[in-house]
Asker: 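Sharing a structure here in structure tokens format.
Chain naming here is simple, since letters A, B, ... match the order of the sequence lines and numbering starts at 1 in each. The model shown is predicted, which means the values in this text are computed figures rather than measured ones.
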Protein chains: 2
Amino acid sequence: MTGARGGVLELAVLGSLHETPLHGYELRKRLNALLGMFRAFSYGSLYPCLRQLLADGLIAEEQPADVAAPLSGRRSKIVYKLTAEGKERLQELLTQAGPSAWEDESFGIHFAFFRHTEAEVRLRILEGRRSRLEERLDSVRTALARTRERLDSYTLELQRHGLESVEREVRWLNELIATERQGLPSTPTDRTDRAEKPGSDTTDLD
Amino acid sequence: MTGARGGVLELAVLGSLHETPLHGYELRKRLNALLGMFRAFSYGSLYPCLRQLLADGLIAEEQPADVAAPLSGRRSKIVYKLTAEGKERLQELLTQAGPSAWEDESFGIHFAFFRHTEAEVRLRILEGRRSRLEERLDSVRTALARTRERLDSYTLELQRHGLESVEREVRWLNELIATERQGLPSTPTDRTDRAEKPGSDTTDLD
DNA sequence: TTCGTCATGTAATGGGTTACATGATTAC
DNA sequence: GTAATCATGTAACCCATTACATGACGAA
């Protein structure tokens with residue numbers, strides 16, 4: 001059971017395939033173009049993942065069948081498309097606003113598909129990531145304060161650069177959150193129960 | 001065989017223990033304070049790693065024995081120290097200037113112990129990382145140029161932020177490299193053979 | 001005496017990579 | 001016709017995590 005459920009790949013594949021049907025090779029290129037700054041997937045993980053998703057019925061092979069390529073018997077590319085079940089599963093993944101959405105490995109992928117994510121979920125993910133980073137800042141800052149003197153210049157420089165990067169990402173998140181907030185003028189005060197919300201559609205997904 | 005050879009942990013442990021003997025719990029705290037912005041280790045990987053390193057003879061238990069704690073039979077903390085072999089191994093790890101030193105997962109740890117790394121090796125690692133990042137920039141930039149139009153605003157923003165972060169790190173590396181170069185006024189032109197280099201000591205390590 | 005944190009460990013699992021193997025198609 | 005790149009796949013391994021289990025010690 002190498003690779004479909006639980007990993008980031010599942011979302012990455014499902015999300016990509018939702019936009020348009022693709023074959024494995026092309027899918028990988030797109031993914032690495034999309035997330036290239038953060039991570040890169042290899043074929044060794046992608047193909048087994050596709051196989052698993054196929055077995056689970058979340059994706060299906062797409063037959064070119066009739067038009068534009070009448071050659072028979074030739075099928076080297078295997079183009080996959082999302083099934084109805086697959087769309088459901090994708091929706092499920094995109095609705096989860098928990099650590100699995102805002103940790104380092106997964107945040108980028110989730111963000112990349114924000115277009116298909118509900119506005120409220122987007123906000124909670126952004127805030128989740130921000131507080132995750134702030135936690136990190138706090139713990140490193142306090143640890144640093146206690147030991148700053150006995151650190152060599154390289155270690156110090158690493159700390160400085162690390163802090164700066166994370167602080168920068170927090171600022172970036174702040175801006176995003178502010179923008180998102182303007183988008184949803186509902187929930188004036190904080191509500192613990194979240195029943196129906198009349199005009200809050202942003203999901204698209206079909 | 002969970003965990004000692006090959007991983008980043010080996011270097012992290014050996015490097016930390018070189019500065020001062022430590023027990024596992026404290027070691028982990030230090031490591032996570034040192035590298036907290038980049039990654040975090042768990043006990044589940046640290047302890048098995050220590051066990052392995054102990055078995056390999058790279059570290060040894062340190063007996064408090066005589067002074068300052070005369071209570072007998074009590075030994076809840078297990079303090080480890082580097083052996084001669086361990087120091088050798090550490091030196092070996094710190095001399096490797098290859099992908100294993102400048103990839104995302106490992107660069108931080110290598111940088112953190114630059115104090116114990118030869119000046120030339122430092123330079124090659126910094127340059128290696130820089131060109132690694134530049135490769136990434138290139139491939140993402142070209143891919144982006146071909147598909148910019150059909151990208152939604154979230155994807156675009158992710159790309160922008162990713163590019164900016166990496167560009168920023170490249171600039172940081174540029175500065176570091178410049179500083180390093182001032183430190184070693186040898187090799188006026190590029191030499192393919194690198195035989196002895198008389199006065200290039202910075203290693204310390206005993 | 002109970003709670004937090006210090007302290008050490010193990011088993012199961014996980015999610016992905018590397019390296020390998022194969023073959024079709026395109027460009028020169 | 002041969003080299004590059006497109007395209008698909010598998011087996012072995014890797015490095016670390018999660019979750020669990022245990023217990024000592026200090027402070028409230």
Asker: Could A:Glu85 and A:Arg89 be called an ion pair, given the rule that one side-chain N must be under 4.0 Å from one carboxylate O?
Answerer: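 No salt bridge links A:Glu85 with A:Arg89.
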
Asker: Nearest of D:dA7, C:dT8, D:dA16 to any side-chain atom of B:Ile78?
Answerer: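 Taking heavy atoms from C-beta onward, the closest nucleotide is C:dT8.
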
Asker: With the threshold set at 4.0 Å, does a side-chain nitrogen-carboxylate oxygen contact exist between B:Glu62 and B:Lys81?
Answerer: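 Salt bridge flag = no for B:Lys81 with B:Glu62.
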
Asker: Strictly under 3.5 Å: I want the nitrogen or oxygen pairs between protein and nucleotides 18-23 of chain C, one per line.
Answerer:
none

Asker: Would you say B:Arg51 places a side-chain N or O within less than 4.0 Å of OP1 or OP2 belonging to C:dT8?
Answerer: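 Looking at the OP1 and OP2 atoms of C:dT8, neither is under 4.0 Å from any side-chain N or O of B:Arg51.
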
Asker: Would you call A:Asp104-A:Arg39 a salt bridge at under 4.0 Å N-O?
Answerer: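 Here A:Asp104 does not pair with A:Arg39 in a salt bridge, since their nearest N and O are not under 4.0 Å apart.
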
Asker: Taking NE2 from A:His23 and C1' from D:dT5, how many angstroms apart are they, rounded to a whole number?
Answerer: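 Value for this atom pair: 12 Å.
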
Asker: Can you check the A:Glu10 CD to C:dG15 C1' distance for me, whole Å?
Answerer: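 Roughly 12 Å, once rounded to whole Å.
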
Asker: About how many Å separate NZ of A:Lys87 and CG of A:Leu58, when rounded to the nearest 0.5 Å?
Answerer: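 Answer rounded to 0.5 Å: 12.5 Å.
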
Asker: Grab the CD-C1' distance between A:Glu105 and D:dA16 for me, whole Å please.
Answerer: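 Those two atoms, CD and C1', are 12 Å apart.
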
Asker: Measuring to OP1 and OP2 of D:dT8, would you say a side-chain N or O of A:Tyr25 lies under 4.0 angstrom away?
Answerer: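 No, because none of the side-chain N or O atoms of A:Tyr25 sits under 4.0 Å from OP1 or OP2 of D:dT8.
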
Asker: Which of these nucleotides, C:dT10, D:dA7, C:dG16, is closest to any side-chain atom of A:Tyr47?
Answerer: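 Looking only at side-chain atoms, A:Tyr47 lies closest to D:dA7.
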
Asker: Rounded to whole angstrom units, what separation is found between the CG atom of B:Leu50 and the C1' atom of D:dA16?
Answerer: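 Taking atom C1' of D:dA16 as the reference, CG of B:Leu50 is at 14 Å.
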
Asker: Apply ring-ring contact (aromatic ring centres under 6.0 Å, His included) to B:Tyr80 and list each qualifying residue two or more places apart in sequence or on a separate chain.
Answerer: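 With sequence neighbours excluded, B:Tyr80 shows a ring-ring contact (aromatic ring centres under 6.0 Å, His included) to no residue whatsoever.
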
Asker: From CG of A:Leu22 over to P of D:dT8, roughly how many Å is that when rounded to an integer?
Answerer: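 Rounded to whole Å, this separation is 11 Å.
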
Asker: What's the CG-P distance between A:Asp104 and C:dG15, to the nearest Å?
Answerer: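 It works out to 17 Å between those atoms.
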
Asker: By salt bridge (Lys or Arg N to Asp or Glu O under 4.0 Å), which residues pair with B:Glu135, not counting sequence neighbours?
Answerer: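 Here the qualifying residues are B:Arg132.
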
Asker: So which of residues 27-35 of chain B are in contact with DNA chain D, with a heavy-atom cut-off of under 4.0 Å?
Answerer: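 Output list: empty, so none.
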
Asker: For B:Glu105, which residues count as a salt bridge (Lys or Arg N to Asp or Glu O under 4.0 Å) partner, sequence neighbours excluded?
Answerer: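 Listed in chain order: nothing, the list is empty.
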
Asker: If the condition is ring-ring contact (aromatic ring centres under 6.0 Å, His included), which residues does A:Trp172 pass it with, not counting sequence neighbours?
Answerer: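 ring-ring contact (aromatic ring centres under 6.0 Å, His included) check on A:Trp172 returns A:Phe111, B:His161.
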
Asker: Provide, to the nearest angstrom, the distance between the CD atom belonging to B:Gln52 and the C1' atom belonging to D:dC15.
Answerer: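 Whole-Å distance recorded here is 13 Å.
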
Asker: Could you state the CG-C1' distance from A:Leu54 to D:dG9, rounded to the nearest angstrom?
Answerer: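 Rounded to the whole Å, the gap is 14 Å.
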
Asker: Inspect the contact between B:Glu19 and B:Arg30 and indicate whether a charged nitrogen and a carboxylate oxygen are less than 4.0 angstrom apart.
Answerer: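 No, B:Arg30 and B:Glu19 are not salt-bridged.
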
